[in-house]
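In the text below, chain A, chain B and the rest are named by the order of the sequence lines, each starting its count at 1.
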Amino acid sequence: MHPETERGNYIKEEIRRDLEAGRVDHVVTRFPPEPNGYLHIGSAYAINISWSMTQAFNGKFNLRMDDTNPAKEDMHYVEAIVADVDWLGVDYGGEPVFGSDYFPQLFDYAVDLIKKGRAFVCDLSGDQLREYRGTLTSPGTNSPFRQRSIEENLDLFLRMRDGEFPNGAKTLRAKIDMTSPNMNLRDPVLYRIVKHHHYRSGDEWCVYPMYDYAHPLQDYIEGVTHSLCSNEFVNNRPLYEWVLNSLDLPGNIPRQIEFGRLNITGVVTSKRYLRTLVAEGVVSGWDDPRLPTLKGMRRRGYTTEAIFGFLQEIGIPKWEATVDVAMLEYFVRQDLQDKVPCVMTVLDPLKVVITNKDDVEMLEIENHPKDESFGTRQVPFGPEIYIERADFAENPPKKFKRLAPGVEVRLKGGYFIRCDDVIKDANGEVVELRCSYDPDTKSGAGFDGRKPKGTIHWVEASEAVPCEVRLYEPMFSEQPDEEKLLETLNPDSLQVMANALTEPGTKEMLAAGKNQMQFLRNGYFIEDTDSTADKLVFTRTVSLRSSYKPSKS
RNA sequence: UGGGGUGUCGCCAAGCGGUAAGGCACAGGACUUUGACUCCUGCAUUCCCAGGUUCGAAUCCUGGCACCCCAGCCA
């Protein structure tokens, strides 16, 4: 085997082969989104595949709007797409390119095709076209217009362009083979009449090229060497090649190579369903943190490093693969862990009175458990604090490493406290804990006389900052059934902790420009776009991993 | 159903005729002022199935099976 042969990435291997064989001497790839929707994790995956190839071979990467359908596309989407790609940090040469800019050349190529006798104008209606096409098992039938003369075809095509015929009246079709077992080759439509304003070319055109005709030529015009796409297009490859070969084009001809689609457990990426969720108001918008859109993931606090790390690890499947979300979350934690500070926030506060404490003192606590460069901060501790309701149990189960009557725990960065008394309201609900602290056990003092049951986080009452914390869970109860999407929704995908309290240090972090941090024991959070100076709002990016398994009884 | 594509651990995934990498998840254990992090350990005698070729097969051949894609004037 060649020592340079790239393993584990068949596309890279193919490209290298092309380079070594001299078929090409450089690499150009492209990502061709249609500006009719927002980018999502699957888009990032596709972008990464094409982009990483140009990184590997010092090539060029184009971001091309695949805008050949005037009825569906909009400038709003190109702006959104550009913003998302910019966020990913992928370099596409500064400016996106537009497939619609090649309309004139595409038209000329079509004229060429007609002159070569390889395309004809067909008057069949949509319904007739379908009938003539045949089925998967039966061959199609030649169009009665297939034998028109080149002159007549030319004349008709020009008149189609000039708007002489109504929408759908005629099409330009390739003359290939109506009996081909590959449906794409049964004289496919190349151009259709669409009198519709195009967001970019305006009203200049009455005819628009179809994807199968436009794509290979757009690639060719841009000098794309390797056109990488998902394998739903394998059946289209013969047509892609037919278009290029039929034109006898000089120079490098692009080569299409397919890769498998990416699915993630519990996540839906199809535009249609994403649109449904937004339209039905199931989510707050395209940037809802529960959505796998790039905007959603960005708002949720996923970093581009985490996303690329994840993509790097899953590789390039040849066929559709469904990766466990846990893998994505793992990379998010891995990335955040080293770069965000750690503060304390109590999501569901339970009041604790420290009976033997009457002053408020400042404790110095480190901002990161491993990295000293994050420095330390002053955290107040006084006679009244709040702890997490879940960190107290009147009747603790086995192995409960938190607070319980008569039990002693350590307050992170502070002292040991012992629960002496439990105060309940009329309904028997615990509303307050009376605890005593041991001054000898101050953090860092080296006290080792006793071992506390565990360490919990807390927030001092007088300086506590109220905030809203949003916890997210998967949108669907299980692997979503796309046909019954709204029925498989997880009703608890968003949990709002409206009465959360965070330590003053959190505001300091925000003031210092750090909008992402770990809330000790609760996970990684990001200040939400809904947050204001009056009302802080945090979104949980991802929870911490936990090996704690509550016992059944 | 005609054609095309794909089948290696629960999930991704290496492997390219020489005797099954790695990651996630999971299960134990160490450490721990986060039940986090980190660190150990375990986790496919077997590669969709059945035959065949070979000293030797996940890799080659034959035949099955399963799943996915294609019948838009969408992309």
* Asked: When we call it a touch if two heavy atoms are under 4.0 Å apart, what does A:T171 touch: a base, just sugar-phosphate, or nothing?
  -> base
* Picking from A:R30, A:E222, A:Q218, what satisfies side-chain hydrogen bond (donor to acceptor under 3.5 Å, both in side chains) with A:N62? -> A:E222
* **Identity of whatever pairs with B:rC60 - Watson-Crick or G-U, under 3.5 angstrom** => B:rG52
* To do: Could you work out which one of B:rC74, B:rA71, B:rA13 sits closest to the side chain of A:A321?
  => B:rA13
* Asked: Do the side-chain N or O atoms of A:R545 get closer than 4.0 angstrom to the phosphate oxygens (OP1, OP2) of B:rG35?
  -> no
* Asked: Hey, does A:S546 reach any base, or is it just sugar-phosphate, or nothing, if we go heavy atoms under 4.0 Å?
  -> sugar-phosphate
* Asked: Does the side chain of A:Q312 get closer than 4.0 angstrom to OP1 or OP2 of B:rC12 through an N or O atom?
  -> no
* Asked: Closer than 4.0 Å, any side-chain N/O of A:T135 to the OP1 or OP2 of B:rU1?
  -> no
* **Check: A:F157 ring centroid to A:F107 ring centroid under 6.0 Å** => yes
* Rounded to the nearest Å, what distance is computed from the CZ atom of residue A:F31 to the P atom of nucleotide B:rA75? -> 16 Å
* Asked: Rounded to the nearest Å, what distance is computed from the CZ atom of residue A:F120 to the P atom of nucleotide B:rC73?
  -> 13 Å
* Between A:H198 and A:F103, does the ring centroid distance fall short of 6.0 Å? -> yes
* For B:rC47 versus B:rG28, give the span between their C1' atoms, rounded off to a whole number of Å. => 28 Å
* Looking at B:rU34, B:rC74, B:rG10, which one has an atom nearest to any side-chain atom of A:K72? -> B:rC74
* Asked: Which is true for A:F259 with a 4.0 Å heavy-atom rule: it touches a base, it touches only sugar-phosphate, or it touches nothing?
  -> nothing
* Asked: Just checking A:N522: base, sugar-phosphate only, or nothing, at a heavy-atom cut-off of under 4.0 Å?
  -> nothing
* Asked: Is the closest basic N to carboxylate O distance between A:R64 and A:D219 below 4.0 Å?
  -> yes
* Just call it for A:L544: base, sugar-phosphate, or nothing, with non-hydrogen atoms closer than 4.0 Å on any strand. => base
* Asked: Between A:R130 and B:rG72, does any side-chain N or O lie under 4.0 Å from OP1 or OP2?
  -> yes
* Asked: When we call it a touch if two heavy atoms are under 4.0 Å apart, what does A:T137 touch: a base, just sugar-phosphate, or nothing?
  -> base
* Is the ring centre of A:Y45 less than 6.0 Å from the ring centre of A:F259? -> yes
* Mind checking whether A:F447 and A:F416 have ring centres under 6.0 Å apart? -> yes
* Asked: A:Y191 or A:P181: which one's nearest nucleotide on RNA chain B is closer to the 5' end?
  -> A:P181
* **Any-strand Watson-Crick or G-U partner of B:rC43, both distances under 3.5 Å** => none
* Syn/anti label of B:rG18 as read from its glycosidic torsion, with the cut at 90° from 0 -> anti
* Sugar-phosphate, base or nothing in reach of A:E313, heavy atoms under 4.0 Å -> base
* **N/O donor-acceptor pair, side chain A:T455 with base B:rU34, under 3.5 angstrom** => no
* To do: Using the closest heavy atom to pick a nucleotide of RNA chain B for each, name whichever of A:M327 or A:D127 lands nearer the 5' end.
  => A:M327
* Asked: Among the nucleotides B:rU6, B:rG35, B:rC37, which one has an atom lying closest to any side-chain atom of A:K318?
  -> B:rU6
* To do: Can you tell me, in whole Å, how much space there is between the P of B:rG52 and that of B:rA14?
  => 31 Å
* Asked: Which part of the nucleic acid, if any, lies within reach of A:R521 when heavy atoms closer than 4.0 Å are counted: base, sugar-phosphate only, or nothing?
  -> base
* **Length of the line joining A:R275:CZ and B:rC74:P, which is rounded to integer Å** => 16 Å
* **Whole angstrom value for the distance that separates C1' of B:rG72 from CG of A:L239** => 14 Å
* Between B:rC9 and B:rG22, how far apart are the C1' atoms? Round to whole Å, please. => 13 Å
* To do: May I ask you to decide if the ring planes of A:Y437 and A:Y415 are parallel, tilted or perpendicular, using 30° and 60° as cut-offs?
  => perpendicular
* Protein-nucleotide distance (A:F381, atom CZ; B:rU33, atom P), rounded to Å -> 19 Å
* **N/O (side chain, A:R333) to phosphate O (OP1/OP2, B:rC37) under 4.0 Å** => no
* Asked: Among the nucleotides B:rA36, B:rA25, B:rC70, which one has an atom lying closest to any side-chain atom of A:N235?
  -> B:rC70
* Can you tell me the Watson-Crick or wobble partner of B:rU6, both distances under 3.5 angstrom? -> B:rA66
* Taking only the side-chain heavy atoms of A:E320 (C-beta and beyond), determine which of B:rG35, B:rC68, B:rA75 contains the nearest atom. => B:rC68
* Asked: Contact class for A:Y208 vs. all strands (heavy atom < 4.0 Å): base, sugar-phosphate, or nothing?
  -> nothing
* Structure fact -> Paired to B:rA14 by Watson-Crick or G-U wobble criteria (both distances under 3.5 Å) is none
* To do: Select base, sugar-phosphate, or nothing to describe what A:P317 touches, counting heavy atoms under 4.0 Å on all strands.
  => sugar-phosphate
* SB check A:D18 A:R255 (cutoff 4.0 Å) -> yes
* Can you tell me how far C1' of B:rC37 sits from OH of A:Y330, to the nearest Å? -> 11 Å
* Asked: Just checking A:M344: base, sugar-phosphate only, or nothing, at a heavy-atom cut-off of under 4.0 Å?
  -> nothing
* Residue-phosphate contact under 4.0 Å: A:Y211 side-chain N/O, B:rC74 OP1/OP2 -> no
* To do: Tell me whether the centres of the aromatic rings in A:Y524 and A:F519 are closer together than 6.0 Å.
  => no
* Structure fact -> Rounded to whole Å, NZ of A:K401 lies from C1' of B:rA36 at a distance of 11 Å
* Asked: Are A:T68 and B:rA75 close enough that a side-chain N or O sits under 4.0 Å from OP1 or OP2?
  -> yes
* Remember a base hit wins even if backbone is also touched, and classify A:L124 as base, sugar-phosphate or nothing at under 4.0 Å, heavy atoms. => base
* To do: Pick base, sugar-phosphate or nothing for A:K399, based on heavy-atom distances below 4.0 Å to the nucleic acid.
  => base
* To do: Give A:T322 one of three labels, base, sugar-phosphate or nothing, depending on what nucleic acid heavy atoms sit under 4.0 Å from its own.
  => sugar-phosphate
* Asked: Rounded to the Å, how far apart are A:L129 CG and B:rC74 P?
  -> 11 Å
* **Any A:R192 side-chain nitrogen or oxygen under 4.0 Å from OP1 or OP2 of B:rC74** => yes
